[in-house]
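Just so it is clear, the model here is predicted, and its values are computed rather than measured.
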2 protein chains.
Amino acid sequence: MSRALYLRIADTLRQRILSGGHPVGDLLPSENELSEAYRTSRVTVRKAMNILEGEGYIKARQGKGYIVQPPRHAVFTLIFGEEDTRHEFRCLEVGIIEPPEHAARSLALKEGDLVVVIRRILDREGIPLAYDEKFLPYERGRPTVELELGYSEFADYFSDRFSALALRTEMRVRATLPPAHVRLALGSGEERLLAVDRLVVSPAGERIGFSREYLTPEFGPLRAFSGRSGSAENAPNPIP
Amino acid sequence: MSRALYLRIADTLRQRILSGGHPVGDLLPSENELSEAYRTSRVTVRKAMNILEGEGYIKARQGKGYIVQPPRHAVFTLIFGEEDTRHEFRCLEVGIIEPPEHAARSLALKEGDLVVVIRRILDREGIPLAYDEKFLPYERGRPTVELELGYSEFADYFSDRFSALALRTEMRVRATLPPAHVRLALGSGEERLLAVDRLVVSPAGERIGFSREYLTPEFGPLRAFSGRSGSAENAPNPIP
DNA sequence: TAGGTTGACATGTATATACAAGTTATACAA
DNA sequence: TTGTATAACTTGTATATACATGTCAACCTA
């Protein structure tokens, strides 16, 4: 038997969108029209639509229809460093401080607001891999269990307060010269560092935490894979 | 009305997986068992399963069941630089050469194989933003229209030979000191560069192209967003 | 004219059903 | 013992149907 009908419907609609037959913002034919056109049921058409929606080509609006979406950016699966578990964290500093300017701005703090700070070194067998600063808005009275934060992401830590999947993370990566306190902590005269800023935002828009990491070359490159839905198995590693 | 039933089923199963109730490799209860347990139809249970499968928690195996998957890496939407279209490419070199060692290795070329090379500078209003090298395996007799390659990705360019969606891209990002010829081309004494290697692979595993880009600080940071399925609208930009 | 109602039509959720096709353990035959 | 049917599971595909809910334009009323 050939490909399933709902896949073939998705294929032809996808092709029609890609070839410009349905420009961005266009309303696709309704489910009823399509099910008549393909002489099939509405349920089967919906399966095709769900696929295209998952791929980002269209967006469903109840009561309105399916709207063709602008081409979205490539989706990558990001992997930090090697899957090597021999690394350890050395905590340098934990406390409640006035936030440095960049953290205050990212967390949208008001003048005088305090933050919980955690500064750590990641190393593997004595070799420093990364310097890591985390900033969490300090709420008077909230238990500061979070001072014990391990390497887990904010998202992991806050998965009880929020559904981990609901949290949104924004990252910025740049090459940088380390500030003095980082260079000192990392020991060597490292100059080729990757700086990774992360901001974790709750579904309600509350800024939950901000972290800045400085990655040394020993940490390894930041790797990303696109194509197919992010399962690790189809991501072998041809780039040497 | 409360949340839809299929969403609630997905929620409770997700929670059960996250809390270790169903370890990795475990087989979930079958659709029939679940539809009895929740006193609903198999179709509704399947909707829940499809969600969890899309989120990577489980994987369906026909004839077998739903298998709990290992936690997958976060999926990010990557954005390069600003959405500023005032930039231009200046082509430095186009030709057919013996590949440099890193390109030959990434493309898995044999001794003596040649590549088409394109070296370009990206700049905005006279300021260099990036240095870009692309390498394509040279096939004798293939028309070298590709010498005209614009800023389009390989994926765009080869979308006629392959479905653009089928192509897989692997990226590596690191901070680097530029090699001499790049420093020369970029003019200034730039030292804080992001190096981005990309390898594009066809569905059959054929290595289609390799590119190496050196991004200056003026190019802007590499940005990534996670959470929700990669639509651009829910990615405003709080990190300043 | 301004504002509210209604109805046609869109997608969202849910049920019941049927058959196709992959998997596996068990029973049985060579 | 080894191989092969078979039966009882599993998920995959597809249909027909019902009602809930969001959207919007046309119409009606004050």
Check: Between D/dT10 and B/N32, is there an OP1 or OP2 to side-chain N/O distance shorter than 4.0 Å?
Finding: yes

From OH of A/Y66 across to P of C/dC9 the rounded distance in Å is 18 Å

Atom CD of A/E33 and atom P of C/dA8 are separated, to the nearest Å, by 17 Å

Comparing nearest nucleotides in DNA chain D, the 5'-proximal residue of the pair B/R46, A/K64 is B/R46

Tell me whether B/E218 is salt-bridged to B/R124, with the criterion being a basic N under 4.0 Å from an acidic carboxylate O.
no

Of A/G63 and A/V43, the one whose nearest nucleotide on DNA chain C sits closer to the 5' end is A/G63

Rounded to whole Å, the CD-P distance (B/E31 to C/dC19) equals 18 Å

A/D26 meets the salt bridge (charged side-chain N to carboxylate O under 4.0 Å, His left out) criterion, sequence neighbours left out, with none

Rounded to whole Å, CG of A/L5 lies from P of D/dT13 at a distance of 11 Å

Worksheet item: Looking at A/T44, does any N or O in its side chain come under 4.0 Å of the phosphate oxygens OP1/OP2 on D/dT15?
Response: yes

Atom CG of B/N50 and atom C1' of D/dT11 are separated, to the nearest Å, by 11 Å

* Expected output: side-chain B/S106 to main-chain B/A103 donor-acceptor under 3.5 Å -> no

So, does B/R61 use its side chain to make a donor-acceptor pair with the main chain of B/I67 at under 3.5 Å? no

* To do: Give a yes/no answer on whether the side chain of A/T40 brings an N or O atom under 4.0 Å of OP1 or OP2 in D/dA14.
  => no

- Message: OP1 or OP2 of D/dT13 versus the side-chain N and O atoms of A/K47: is any pair under 4.0 Å?
- Response: yes

Whole-Å distance, B/L27 CG to C/dT23 P, equals 13 Å

Discussion item. Regarding B/S41, tell me which of base, sugar-phosphate or nothing describes its non-hydrogen contacts under 4.0 Å with the strands shown.
Written reply: base

pair_partner(C/dA30), Watson-Crick or wobble, both distances < 3.5 Å, evaluates to D/dT1

Do B/R42 side-chain atoms and B/S35 backbone N/O form a donor-acceptor pair below 3.5 Å? no

Regarding the side chain of A/Y6, the nearest nucleotide among D/dA14, C/dA14, D/dT11 is D/dA14

Name the nucleic acid region contacted by B/R61, choosing base, sugar-phosphate or nothing; use a 4.0 angstrom heavy-atom cut-off, strictly under. sugar-phosphate

Separation of C/dA10 atom P from A/R42 atom CZ, nearest Å, is 10 Å

In whole angstroms, the gap separating C1' of D/dC24 from CD1 of A/I67 amounts to 13 Å

